[in-house]
Visitor: 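Could you have a look at this structure, given as structure tokens, before my questions?
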Protein chains: 4
Amino acid sequence: MEISNSKPDTRSRILQAAIRVFSQKGFHNARVEEIATEAQVGKGTVYEYFSSKEELFYQLFKSCSDAYLKSLTQDLASLNSVGDRLEKIVYLHLKFIKNHRDIARIIFQEHHELGEKLHRWIWSKREEKLNIISNLLEEGIRKGELRAVNTRVAAQVFLGAVVSVGSTIAFAGDDVPLAETTTAIVEIFLKGVGR
Amino acid sequence: MEISNSKPDTRSRILQAAIRVFSQKGFHNARVEEIATEAQVGKGTVYEYFSSKEELFYQLFKSCSDAYLKSLTQDLASLNSVGDRLEKIVYLHLKFIKNHRDIARIIFQEHHELGEKLHRWIWSKREEKLNIISNLLEEGIRKGELRAVNTRVAAQVFLGAVVSVGSTIAFAGDDVPLAETTTAIVEIFLKGVGR
Amino acid sequence: MEISNSKPDTRSRILQAAIRVFSQKGFHNARVEEIATEAQVGKGTVYEYFSSKEELFYQLFKSCSDAYLKSLTQDLASLNSVGDRLEKIVYLHLKFIKNHRDIARIIFQEHHELGEKLHRWIWSKREEKLNIISNLLEEGIRKGELRAVNTRVAAQVFLGAVVSVGSTIAFAGDDVPLAETTTAIVEIFLKGVGR
Amino acid sequence: MEISNSKPDTRSRILQAAIRVFSQKGFHNARVEEIATEAQVGKGTVYEYFSSKEELFYQLFKSCSDAYLKSLTQDLASLNSVGDRLEKIVYLHLKFIKNHRDIARIIFQEHHELGEKLHRWIWSKREEKLNIISNLLEEGIRKGELRAVNTRVAAQVFLGAVVSVGSTIAFAGDDVPLAETTTAIVEIFLKGVGR
DNA sequence: AATGAATGAGTCTTCATTCAT
DNA sequence: CATGAATGAAGACTCATTCAT
């Protein structure tokens with residue numbers, strides 16, 4: 001009976017290696033051979049599990065992205081106040097980036113180099129997120145928690161703000177205090193910087 | 001004094017062609033030969049003016065980026081109120097993107113595929129912008145126009161908001177009313193969305 | 001005595017599968033894995049019975065070719081007249097192709113793609129056939145059935161004629177009446193087309 | 001003024017090299033790099049002139065084949081008697097093979113390994129030749145030079161005979177006397193081997 | 001200054017073959 | 001005997017760059 005195995009299955013090893021290599025080098029500068037070496041498998045083995053480099057990237061992107069969105073949705077379910085939920089979104093996003101910088105560098109960057117197909121898919125994901133936030137804001141307006149603002153623009157502002165701070169953590173390496181930064185962002189978004 | 005020439009000089013033609021090709025295909029999928037053809041020069045001629053494809057991209061990026069920042073700085077000089085200047089920044093940014101979508105797609109996208117050197121340079125440019133905004137916000141705080149917020153975070157929020165809306169224009173093709181969108185963004189940033 | 005087995009032995013199953021795959025795709029485009037799948041065995045099993053893809057092809061070619069030649073020889077034994085034997089050769093050849101188009105596509109096509117060794121072996125087989133025919137023609141000349149022609153050339157002409165018509169059946173799919181076509185070929189060979 | 005050049009143009013050099021390599025190794029065992037080396041050009045240069053290895057082979061095959069058929073047609077034009085023309089066909093075919101064994105090994109062998117497209121094209125060429133011969137035979141029958149035989153079968157017999165002897169020259173290396181062999185073949189075809 | 005034919009280092013990808021189970 | 005996951009040598013093809021004209 002095999003309970004646990006010190007050597008995880010090959011497919012996972014390849015995906016993990018791919019995360020490391022893609023996040024450091026980007027898609028075009030990553031070499032399939034390097035991913036294979038990093039995963040301690042032969043070059044051909046990569047192709048046993050993924051039909052091409054592009055497919056490997058796509059699968060990686062999709063699984064990471066889906067996992068992120070799923071966990072986000074779950075954690076929001078228990079909260080009532082719109083403000084709390086916005087705060088949770090920011091907190092989870094920044095925490096995710098801190099803990100999974102490699103993955104973050106992959107799924108939160110723009111990918112204009114990868115052909116229309118993936119590009120469209122990524123933008124559709126962005127639209128999904130914008131819709132989630134829009135709906136949240138509309139709910140807030142209905143409930144009287146928020147002012148009657150243009151929710152499409154406000155959603156873009158909110159998402160942009162979060163991504164901007166997140167990028168600074170992921171790419172510039174800023175090591176910020178999570179709780180405080182979260183509070184700061186949400187406070188600005190809710191109260192504004194004006195006097 | 002430079003007298004206008006019906007046949008713009010070769011270097012400019014190459015840069016213009018490069019803008020078109022890079023913005024449509026991205027750096028890695030752009031072919032030097034295609035840029036040369038587009039510029040109506042021979043492939044070798046490109047190398048008379050730029051030592052490599054990467055150098056061409058860098059020069060292109062730098063000149064576009066500098067021109068943008070310079071015009072931005074000029075236009076801000078005449079304004080006194082911090083709020084007016086923030087509004088101007090947003091307006092000019094969105095207008096620039098609308099009018100120069102090609103260039104915008106180049107200088108406002110992330111470039112993680114281009115190796116450390118250029119990557120660092122681009123992030124340093126981002127830091128410049130963040131500093132400009134930070135300073136502006138600090139000035140606002142000193143003058144009593146703004147609340148005493150964390151200016152580093154607030155600058156990131158502001159920049160993120162602007163870039164986010166700009167991206168939607170540049171990449172998704174949203175055709176938004178400039179003045180209204182500008183007002184909406186700045187209002188949210190100053191007053192917040194909260195009640 | 002071999003008792004019929006509902007599950008024929010593995011080696012035969014592999015050979016049968018190889019006939020199907022090689023005849024449809026040719027040697028280079030045939031995949032060992034496809035042959036294994038077709039034979040309902042594992043990829044490694046093929047190598048239990050044949051040391052390499054080339055060896056598999058060789059064994060296949062040899063067994064099919066030998067079986068064909070053996071049956072041909074047997075069927076000729078009972079005939080006395082040279083003309084009858086020539087007619088039998090043509091008839092059996094065309095019938096074989098009609099009934100075993102797959103095998104025919106393998107053993108009656110040229111194989112210049114397979115390296116010197118196999119190439120030589122195949123040409124030696126051709127020489128065998130030419131010799132059988134030559135001897136037959138010489139016998140016919142001795143017996144006074146045939147004119148004194150150059151038997152080497154005549155054998156090549158006869159073999160070429162038969163192969164040519166056979167190819168049309170095997171590769172182009174011509175569905176010809178066996179008896180009539182056989183008669184036509186032999187008549188031309190014996191009487192010529194001249195008046 | 002450039003009258004002649006000891007170094008023929010690159011495209012021709014590649015084609016010549018391709019003839020040598022393809023005829024010795026066959027399509028699949030030929031290496032693009034080997035062709036390039038043989039042509040004294042870089043590997044990439046081959047791709048400046050031919051979009052792929054397959055395209056190179058196709059162009060080579062087509063040009064050689066067309067040139068052969070064209071010269072054949074021209075040489076036949078001046079002859080009246082059907083017998084003379086059949087003889088000419090045989091003679092030219094064997095002579096061509098003797099003088100251009102490399103090309104012959106390419107254009108007169110079967111190519112079942114090269115995918116449907118080329119395969120079909122080659123069979124259509126074979127049909128062309130069969131039709132030319134058929135028409136010739138029909139003319140002979142009308143003129144009373146020949147017996148009323150099945151011209152489709154007779155054409156296949158004739159073509160098969162010629163190809164068979166030609167193959168022996170091209171692949172087995174038989175060095176036959178051209179005139180005599182030609183006469184022998186045609187005589188068998190016209191008079192038959194029977195008494 | 002301008003050119004574009006020539007180049008070859010660098011990559012992805014295939015697939016026959018092996019071997020631990 | 002049987003297997004199929006793993007392998008890596010081998011090869012087609014790309015494209016930034018050079019240089020003779």
Side-chain angles (χ1 to χ4, degrees), chain A residues 7 9-11 13-14 27-37 39-56, chain B residues 9-11 13-14 27-37 39-57, chain C residues 9-11 13-14 27-37 39-57, chain D residues 9-11 13-14 27-37 39-57:
Chain A
K7 175 197 169 202
D9 72 296
T10 310
R11 190 172 190 279
R13 287 222 313 287
I14 294 170
F27 179 78
H28 278 101
N29 293 319
R31 304 290 151 229
V32 173
E33 183 150 31
E34 190 177 356
I35 293 171
T37 305
Q40 291 178 299
V41 299
K43 204 190 322 181
T45 307
V46 174
Y47 288 89
E48 291 284 323
Y49 293 88
F50 304 95
S51 61
S52 70
K53 184 186 174 186
E54 199 150 13
E55 177 69 13
L56 168 58
Chain B
D9 69 298
T10 311
R11 190 173 190 280
R13 286 223 313 287
I14 293 171
F27 180 77
H28 277 101
N29 293 319
R31 307 287 154 237
V32 172
E33 179 150 35
E34 190 177 358
I35 293 171
T37 305
Q40 290 177 299
V41 299
K43 208 189 320 182
T45 308
V46 174
Y47 287 87
E48 292 286 326
Y49 292 90
F50 304 94
S51 62
S52 71
K53 184 187 176 185
E54 199 152 12
E55 177 68 13
L56 168 58
F57 186 88
Chain C
D9 70 298
T10 311
R11 191 173 190 277
R13 287 223 312 287
I14 294 171
F27 180 78
H28 277 101
N29 293 320
R31 305 289 154 235
V32 172
E33 180 151 34
E34 193 177 356
I35 293 171
T37 304
Q40 290 177 300
V41 299
K43 209 190 316 183
T45 308
V46 174
Y47 287 87
E48 292 284 327
Y49 292 89
F50 304 95
S51 62
S52 71
K53 184 188 178 187
E54 199 151 12
E55 176 69 12
L56 168 58
F57 185 87
Chain D
D9 72 297
T10 310
R11 191 173 191 278
R13 287 225 311 288
I14 293 170
F27 180 78
H28 278 101
N29 293 318
R31 305 291 149 231
V32 172
E33 183 150 34
E34 189 178 357
I35 293 171
T37 305
Q40 290 178 299
V41 299
K43 200 191 328 181
T45 308
V46 174
Y47 288 89
E48 291 284 322
Y49 291 90
F50 304 94
S51 61
S52 69
K53 184 187 174 185
E54 201 152 10
E55 178 69 13
L56 168 56
F57 185 87

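Naming: A, B, ... by sequence-line order, numbering from 1 per chain. Everything numeric here is computed off the predicted structure, so don't read it as measured data.
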Visitor: Side-chain donor or acceptor of D/Lys43 under 3.5 Å from a matching atom on the base of E/dG10?
Guide: yes
Visitor: What is the distance from CD of D/Glu54 to P of F/dG11, rounded to the nearest Å?
Guide: 17 Å
Visitor: Both A/Val32 and B/Thr45 contact DNA chain E. Which one's nearest nucleotide lies toward the 5' end?
Guide: B/Thr45
Visitor: Heavy atoms only, 4.0 Å cut-off, all strands: where does A/Ala39 land among base, sugar-phosphate and nothing?
Guide: nothing
Visitor: Between D/Glu55 (CD) and F/dC13 (P), how many Å, whole number?
Guide: 11 Å
Visitor: In whole angstroms, how far is the P atom of F/dG4 from the CD atom of C/Gln40?
Guide: 12 Å
Visitor: Starting at atom CZ of B/Phe27, determine the distance to atom C1' of F/dA16, rounded to an integer number of angstrom.
Guide: 10 Å
Visitor: Map B/Glu33 and D/Glu33 onto DNA chain F by nearest heavy atom, then report which one ends up closer to the 5' terminus.
Guide: D/Glu33
Visitor: By nearest heavy atom, map B/Tyr49 and C/Gly44 onto DNA chain E; which one lands nearer the 5' end?
Guide: B/Tyr49
Visitor: From D/Arg11 CZ over to D/Thr45 OG1, what is the distance, rounded to the nearest 0.5 angstrom?
Guide: 14.0 Å
Visitor: Compare the minimum distances between each of F/dC13, F/dT7, E/dT18 and the side chain of A/Glu48, then state the nucleotide with the smallest one.
Guide: F/dT7
Visitor: Distance check, rounded to the nearest 0.5 Å: D/Phe57 atom CZ versus D/Ile35 atom CD1?
Guide: 10.0 Å
Visitor: Between D/Asp9 (CG) and E/dA6 (C1'), how many Å, whole number?
Guide: 14 Å
Visitor: With DNA chain F as reference, determine whether B/Ser51 or A/Gly42 sits nearer its 5' end, using the nearest nucleotide of each.
Guide: A/Gly42
Visitor: What contact category does B/Lys53 fall into here, base, sugar-phosphate, or nothing, at under 4.0 angstrom with non-hydrogen atoms?
Guide: sugar-phosphate
Visitor: By the 4.0 Å heavy-atom rule, please label D/Ala36 as base, sugar-phosphate, or nothing.
Guide: nothing
Visitor: Quickly work out the D/His28 NE2 to E/dA16 P distance and round it to whole Å.
Guide: 11 Å
Visitor: Less than 4.0 angstrom between a side-chain N/O of B/Thr10 and OP1 or OP2 of E/dA1, yes or no?
Guide: no
Visitor: Closer than 4.0 Å, any side-chain N/O of D/Arg31 to the OP1 or OP2 of F/dA10?
Guide: no
Visitor: Looking only at non-hydrogen atoms, find the nearest pair between A/Gly42 and A/Ala36 and report the distance.
Guide: O-CB, 3.8 Å
Visitor: Looking at every non-hydrogen atom in both residues, tell me the closest pair between B/Lys53 and B/His28 and how far apart they are.
Guide: NZ-O, 3.7 Å
Visitor: At their closest point, which heavy atom of D/Ala39 faces which heavy atom of D/Ile14, and how far apart are they?
Guide: CB-CA, 3.8 Å
Visitor: Starting at atom CD1 of C/Ile35, determine the distance to atom C1' of E/dT17, rounded to an integer number of angstrom.
Guide: 14 Å
Visitor: Please determine, for F/dA20, whether a Watson-Crick or G-U wobble partner exists with both distances under 3.5 Å, and give it or none.
Guide: E/dT3
Visitor: Using whole Å, report how far CZ of A/Phe50 lies from P of E/dC12.
Guide: 16 Å
